[in-house]
2 protein chains.
Amino acid sequence: MTSTTTGEDADARRRRRRSGAAIKESMRELSVQLSLLNHQISASFDLRDTDFDCLDVIKRHGPLSPSALARRTGLHAATLTGILDRLERGEWIARERDPADRRAVIVRARRERNPELFRKFAGMNHAMDGLLDDYTPDELDLLADFLRRTADAGRDATDALVEGGRTAG
Amino acid sequence: MTSTTTGEDADARRRRRRSGAAIKESMRELSVQLSLLNHQISASFDLRDTDFDCLDVIKRHGPLSPSALARRTGLHAATLTGILDRLERGEWIARERDPADRRAVIVRARRERNPELFRKFAGMNHAMDGLLDDYTPDELDLLADFLRRTADAGRDATDALVEGGRTAG
DNA sequence: TTCGTATAATACGAGAACCGTAACATCTAT
DNA sequence: ATAGATGTTACGGTTCTCGTATTATACGAA
C-alpha cells in the first residue's frame, strides 16, 4: 500500500503490469458470476435482475425518492415505477408519502424478508468464509479497502457514462 | 495467506470477523455497481444486461454450443436464442455449424468490436490503474488470487442454486 | 394572490423480451 | 430399423421497458 511505480526496475514493472491485467480479468469474471448468481436469486423471488440492485441501493442510501433512485442507478424514471411495484408487491419495500413535498414519495426498505434472502446467499457466504480463513487480519483489511475503493470507482464510471449518454447521446 | 483462525486471541478473532463482514458488504456493493455499469454499456450497444455476460462466457470458454452456454449460465435454452440473435446481429459472435453433429451449432466470439467495447470500459480501467498503483507487486498477486477464487465461489454458488431449483422446483 | 413554469410520480401504449411448449432435424442404443 | 434422447429454433402468452402524456404539487415573479 505504500509503493509507487517510480523507482521500480523493469522486472518489477513487468510483474506489476501482468498482475494488474490478471486483476482486471478476474474482476470481469467475478462480475459475470455475481450477475448470474443474482439472476438466479431474483428469479426465485419473481423479480427482475435489477430489482435487487435497486433494493440494495435503497438499503444502503435510503430512504429516498424514486427520482433520486433513478438518478443514482441511471435507470429511466418510468422503469422505476415497475421495479418499485414488484418490490412493494413482494413486501421488500414500502412507499410512503413525503409530508414536506406532497408530490414526492419516500421509498423505505423493509427488513422482514432479509433472513429469507440471506438463506439464498448462504452458499456464497459459506464459500467466502472458508476462503477468508486463509488470510491474516492485515490481509483482510487490505482486501476490504481494495473492494470498497473499487466499488467507488465503479460508481464513478457509471455516473460518467450516464452523464455522457444524457448530454451527448 | 498462511494463518488460520486457530491460535488467535479474542481480539484477533473479533477483528477478523469485522473485516470479513466488511469484505462481504463491499463485495455486494461492488456487484451492484458493476451491474449498473454493465447495464449502461449494454444499453449503449442495444443489448440486454445478460448479453455481455454471455459474450464473456463465450470468450472465456468458447467456442461452444447454445445448450452448453445455457447450462453454464443457468438461462433457459429458448432465451439463449434471443440473446445469440442480438449478439449475432451486432457482430459480436458468429454461429457456425458443427460438422460432427449436424443438429448442433457452434458459437464463436468475434474480436472486431473489442476496441469499441474497451473504450466504454476506459473510465473504469483508468480508475483501476490509478488504484492499483498504490499496491506492491506482492499485494497485487494477493488481490488477483483472491478475486479469482471468489469468482470460482460465485460460479459454484450459482450452479448449486440452478441445480437445486431444477430438482426441487 | 395569481399565474407560469419546473418537478414528482405514475398511466398509457408500442415494441420487445422471456420462457414454456412444440416442431423439426439428427443422433444413439438396442 | 426403430424408439427415444438431444440440439436448436419457432410460436405465443404474459410481462417488461421506456418515451410521452397526465395529474398533482411546489415555487418564483408580477
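Quick note on labels: first sequence line is chain A, next is B, and so on, each numbered from 1. Values below: every heavy atom of this structure, side chains too, minus hydrogens, waters and symmetry copies.
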Practice problem: Could you pick out which residue, B:I106 or A:A100, lies toward the 5' side of DNA chain D when each is mapped onto its nearest nucleotide? | Solution: B:I106
Quiz item: Between A:L80 and B:R102, which is nearer to the 5' end of DNA chain C once each is assigned its nearest nucleotide?
Solution: A:L80
Exercise. Give the rounded distance in Å between these two atoms: CZ of B:R86 and C1' of D:dT17.
Key: 13 Å
Quiz prompt | Non-hydrogen side-chain atoms of A:L55 and A:F52 separated by less than 4.5 Å | solution = yes
Quiz item: Between A:D101 (CG) and D:dA24 (C1'), how many Å, whole number?
Solution: 10 Å
Practice problem: Figure out the CZ/P separation between B:R89 and D:dT9, and round it to whole Å. | Solution: 14 Å
Quiz item: Within less than 4.0 Å of OP1 or OP2 of D:dT8, is there a side-chain N or O belonging to B:R95?
Solution: no
Practice problem: Ignoring hydrogens and angles, tell me if any N or O in the side chain of B:N38 forms a donor-acceptor pair with the backbone of B:D49 under 3.5 Å. | Solution: yes
Quiz item: So, is A:S67 close to the C:dA9 phosphate, meaning a side-chain N or O under 4.0 Å from OP1 or OP2?
Solution: yes
Exercise. Figure out the CZ/P separation between B:R97 and D:dT8, and round it to whole Å.
Key: 8 Å
Quiz item: Are side-chain heavy atoms of B:D51 and B:R48 found at a separation under 4.5 Å?
Solution: yes
Quiz prompt | Atom-to-atom span, CG of A:L64 to P of C:dA8 - whole angstrom | solution = 12 Å
Exercise. Compare side-chain N and O positions of B:T79 against OP1 and OP2 of C:dA17 and report whether any pair is under 4.0 Å apart.
Key: no
Self-check item: Among C:dA8, D:dG19, C:dC19, the one nearest A:A104 by side-chain distance
Solution: C:dA8
Practice problem: Looking only at side-chain atoms of B:V105, point me to the closest of D:dT9, C:dA11, D:dT17. | Solution: D:dT9
Quiz item: Rounded to whole angstroms, how far apart are NE2 on B:H76 and P on D:dT9?
Solution: 14 Å
Quiz item: Does the base of D:dT8 carry an N or O that pairs as donor and acceptor with the side chain of B:R103 under 3.5 Å?
Solution: no
Exercise. Measure the shortest side-chain to side-chain distance between A:Q33 and A:M124 over non-hydrogen atoms and say whether it is less than 4.5 angstrom.
Key: no
Quiz item: Hey, which of these two, A:T81 or B:D46, hits DNA chain C nearer its 5' end, going by closest nucleotide?
Solution: A:T81
Practice problem: Might you confirm whether atom NE2 of B:H61 has over 12 heavy atoms from other residues, nucleotides or ligands at distances under 6.0 Å? | Solution: yes
Quiz item: For A:I83 and C:dA11, what is the distance between atoms CD1 and P respectively, to the nearest whole Å?
Solution: 15 Å
Quiz item: Between atom CG in B:L84 and atom C1' in D:dT8, what is the gap in whole Å?
Solution: 10 Å
